[in-house]
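Working notes, structure below.
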Amino acid sequence: MEYIVIVLSAILVNNIVLAQFLGLCPFFGVSSRISTAAGMGGAVLFVMTVAAIVTYLISHYILIPFDLIYLRTITYILVISSLVQMVEIILKKVSPPLYQALGIFLPLMTTNCAILGVAILVIQNEYTLMSGVVFAVAHSIGFTLALVILAGIREQLELVNVPEGMKGNPIILVAAGLLALAFMGFAGIV
Amino acid sequence: MAKRESTFFNMVLALLTVTLVASASLGFIYELTREPIEMARAARKNNAIRAVVPDFDNNPTEERYTIEAAGGELVFYPAKKDGELVGTAVETFTNRGFSGTIRLMVGLLPDGTIHGIEVLEHKETPGLGDKMESDKSDFSAQFEGQNPEDFRLRLRQDGGDVDGITATTISSRAYCEAVQLAFDLYMDKDADVSYELPSRDEAVERVLADFANNPLQEDFLVMANGNEHTVFPGRRGRRYTGLAVDIYSEAGYIGPIRLMVGFDSEGVITGIEVLGHEETPGYGDLIENARSDFYKQFIGLNPGEDNIRLKEDGGIIDNISGATITARAYCEAVRSAWDIFRQAENR
Amino acid sequence: MDQAKNFTKGFIRENPVFILMLGLCPALGTTTSAFNGMGMGLATMFVVLMSNIVVSLIKNFVPNKVRIPCYIVIIASFVTIVDLVMAGFMPALHEQLGLFIPLIVVNCFVLGRAEAFASKNTLLSSVIDGTGMGLGFTFALTLLGAAREILGSNAIFGLQFIEGDGMLVFILAPGAFIALGYLIALANKLNKQ
């Protein structure tokens with residue numbers, strides 16, 4: 001039951017992009033095509049889950065016992081950036097097809113605040129390891145959902161005659177705003 | 001200076017220097033800001049307590065106790081003036097808000113009348129649900145001066161006396177629920193109340209007045225009246241400053257009463273904490289420091305000179321009405337603690 | 001390089017939020033009021049300025065291959081300093097900004113300035129660049145915050161000028177996207193002239 005609440009809340013009610021404003025750079029940067037959007041979503045799912053597990057272990061077995069919580073930001077960001085590098089190297093060796101699909105998105109992951117944000121939230125909400133993993137997976141699904149929907153809207157927008165001043169980023173932001181408005185309809189279901 | 005080559009040595013050197021300097025300076029800043037951060041945290045809670053109860057002169061945070069209920073715990077902060085309870089600030093909560101948990105600080109007078117309510121935390125919709133905050137609308141003002149005994153804590157549409165916030169039924173309903181929970185637990189003296197007694201280690205630190213060592217690591221055993229008792233010496237440098245004695249009395253009304261009694265080096269009592277007892281709720285449990293000032297009359301007494309007995313037994317201690325046997329056992333435990341103190345002195 | 005131009009470029013011409021679309025997460029997440037936007041902007045400005053100074057000072061000491069990790073450590077340290085100092089001395093604002101303070105570290109705009117500017121320029125230029133860009137970011141966040149506060153709660157910097165509720169949607173998430181969209185359209189128009 002607890003997991004269901006976490007999943008519904010993360011995907012629909014408190015969508016990481018549309019309600020919590022995390023991961024906006026890739027949200028606007030890689031949402032021009034549905035296929036790339038889905039690729040990015042896959043990479044986020046992978047890195048976010050691994051990062052949540054690793055940072056959870058570091059917090060509970062190193063930072064908290066030694067009273068070093070104030071080093072949290074610095075350790076997390078270092079761990080996440082080295083993790084991304086490692087994933088890239090391992091993926092290249094172990095699964096070239098997967099690397100082909102996700103490879104170009106991996107370097108973008110370090111500065112994706114959704115990854116660091118979720119890692120911090122897992123600790124702040126005092127989740128157990130299992131709940132933390134569910135939380136991370138659900139958030140990356142929420143991220144992918146928002147990304148793919150926006151990419152779909154943008155593909156349609158190309159065919160529409162947009163007023164001169166609103167071309168480019170402004171109309172995309174307004175579209176994202178309307179999408180966020182639609183997601184607000186889910187508020188209160190959990 | 002020319003740019004350094006990316007040799008292995010240079011890379012390790014650069015990374016090591018940067019991380020060392022960074023973590024050292026962070027440790028320094030952390031030490032500098034630790035106290036202000038703690039004070040800011042305490043001030044926030046104290047402000048909320050101050051806002052909901054009448055004037056007080058004690059430290060309610062120090063005397064707080066908790067009751068587990070509704071899948072969480074409520075914290076009670078007793079506010080006292082001149083030793084008399086003037087109100088209790090109850091930190092209560094509900095998970096049934098529109099967007100999750102709502103935490104309130106509800107101030108109750110001793111008879112249960114609501115004196116004031118402040119919102120500590122909520123995630124409700126800005127502009128709608130957040131009107132429950134006292135500075136955003138008059139919603140919370142309608143509770144002031146009302147006693148939930150005859151003021152029904154339900155919305156009007158649910159048959160109660162509360163005017164809800166327009167278009168915010170769920171938040172208003174949750175708010176009432178949290179207040180009701182605070183009131184119920186406060187009034188229900190027979191509820192399964194688990195006041196938080198201090199642990200043995202906490203008690204040692206509280207009852208000793210002056211020490212710089214870690215008394216917990218220097219504990220030793222003393223034989224007295226046929227039993228072994230653990231004692232914890234306080235020291236400052238090599239100077240001996242006091243002793244905490246872990247003691248119990250079998251003479252309680254229902255079961256044994258276990259105390260931690262602290263003495264200074266002269267044998268004057270510096271503090272007492274109850275570690276455990278099974279006495280009657282509402283009567284015998286008033287020996288707990290959080291529930292009454294019974295313990296305070298012992299502080300500053302020297303059992304070698306003062307007669308630690310109830311007044312009706314020829315001593316100087318005021319009884320707890322309705323709990324004579326418990327109070328008598330408490331005195332007995334304090335006297336045995338002093339015997340142990342003297343035994344330990346001789347070592 | 002013309003230092004005056006270096007200083008003013010951050011406001012409109014190379015504004016990190018309106019033109020470069022960097023640092024959008026805090027720009028949208030913290031701008032429910034002009035004051036919050038300004039607080040976030042100033043916190044970020046401190047980090048940009050300080051990391052620009054340090055990066056510019058040590059640029060020759062750090063070998064090329066490990067420069068990014070070094071920059072990240074430097075930025076993360078200043079972020080932690082901001083986090084701790086704010087928690088101690090401005091607890092109310094610290095709570096409002098919450099998660100977004102540690103997240104300054106992944107604000108692409110901060111690392112971008114260190115990598116693209118401070119690592120290649122003199123100390124003075126880096127200071128001016130950091131201040132200018134930081135003020136530009138603060139300007140953008142304050143403007144967005146003010147716009148949302150005026151429309152959403154009929155107030156500016158907490159001062160109510162019309163009784164009653166505003167258009168709530170601008171305080172909520174959707175309004176953030178829409179308000180920023182229109183401000184960007186406005187900035188584009190100004191840039192063209």
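The model shown is predicted, which means the values in this text are computed figures rather than measured ones. To find a chain, count down the sequence lines: A is the first, B the second, and so on, and within it residues start at 1.
Here the NZ atom belonging to C:Lys189 is positioned 10.0 Å from the CD atom belonging to A:Glu164, to the nearest 0.5 angstrom. For the atom pair SG (A:Cys113) and CG (C:Leu99), the distance works out to 8.5 Å, reported to the nearest 0.5 Å. Separating the CZ atom in C:Phe18 from the CG atom in A:Asn169 is a distance of 12.5 Å, to the nearest 0.5 Å. Atom SG of C:Cys25 is separated from atom CG of A:Leu24 by 4.0 Å, given to the nearest 0.5 angstrom.
Contact count versus chain C (heavy atoms, under 4.5 Å) is highest, among A:Gly168, A:Ala175, A:Gly29, A:Gly117, for A:Gly117. Heavy-atom pairs under 4.5 Å with chain A peak, among C:Leu24, C:Thr80, C:Leu28, C:Ile178, at C:Leu28. Between chain C and the options A:Ala19, A:Ala182, A:Ala176, heavy-atom pairs under 4.5 Å are most frequent for A:Ala176. Per-residue heavy-atom pair counts under 4.5 Å with chain A were compared for C:Leu180, C:Val169, C:Leu183, and the maximum is reached by C:Leu180.
Enclosure of atom CD in A:Gln124 by more than 12 non-hydrogen atoms of other residues, nucleotides or ligands within 6.0 angstrom is indicated. Within 6.0 Å of CD on A:Gln85 lie no more than 12 heavy atoms contributed by other residues, nucleotides or ligands. Around NZ of C:Lys65, the count of heavy atoms belonging to other residues, nucleotides or ligands within 6.0 Å does not exceed 12.
Considering every non-hydrogen atom in both C:Phe100 and A:Gln20, the closest pair reads CZ-O, 3.4 Å.
For residues 144-156 of chain A, heavy-atom neighbours of chain C at less than 4.5 Å comprise no residues at all. Heavy-atom neighbours of chain C within the stretch residues 69-77 of chain A, taken at a separation under 4.5 angstrom, comprise A:Tyr70, A:Arg72, A:Thr73, A:Ile74, A:Ile77.
Using a 4.5 Å cut-off between heavy atoms, C:Ile68 does not touch chain A at all. Only the side chain of C:Val79 has a heavy atom closer than 4.5 Å to any heavy atom of chain A. Using a 4.5 Å cut-off between heavy atoms, C:Ala27 makes no contact with chain A at all.
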Are A:Leu173 and C:Ile184 close enough, and set up right, to give a side-chain contact (heavy atoms from CB on, under 4.5 Å), and what steps lead you there? CA-CA 9 Å; A:Leu173 274 159; C:Ile184 289 180; 3.3 Å; yes
Check the pair A:Ile115, C:Val106 against side-chain contact (heavy atoms from CB on, under 4.5 Å), reporting the backbone distance first and the verdict last. CA-CA 10 Å; A:Ile115 310 277; C:Val106 279; over 6 Å; no
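In this structure, A:Ile120 and C:Pro102 have side chains that are in contact, with non-hydrogen atoms separated by less than 4.5 Å.
Below 30°, between 30° and 60°, or above 60°: for A:Phe21 and C:Phe177 the angle between ring planes is between 30° and 60°, a tilted geometry.
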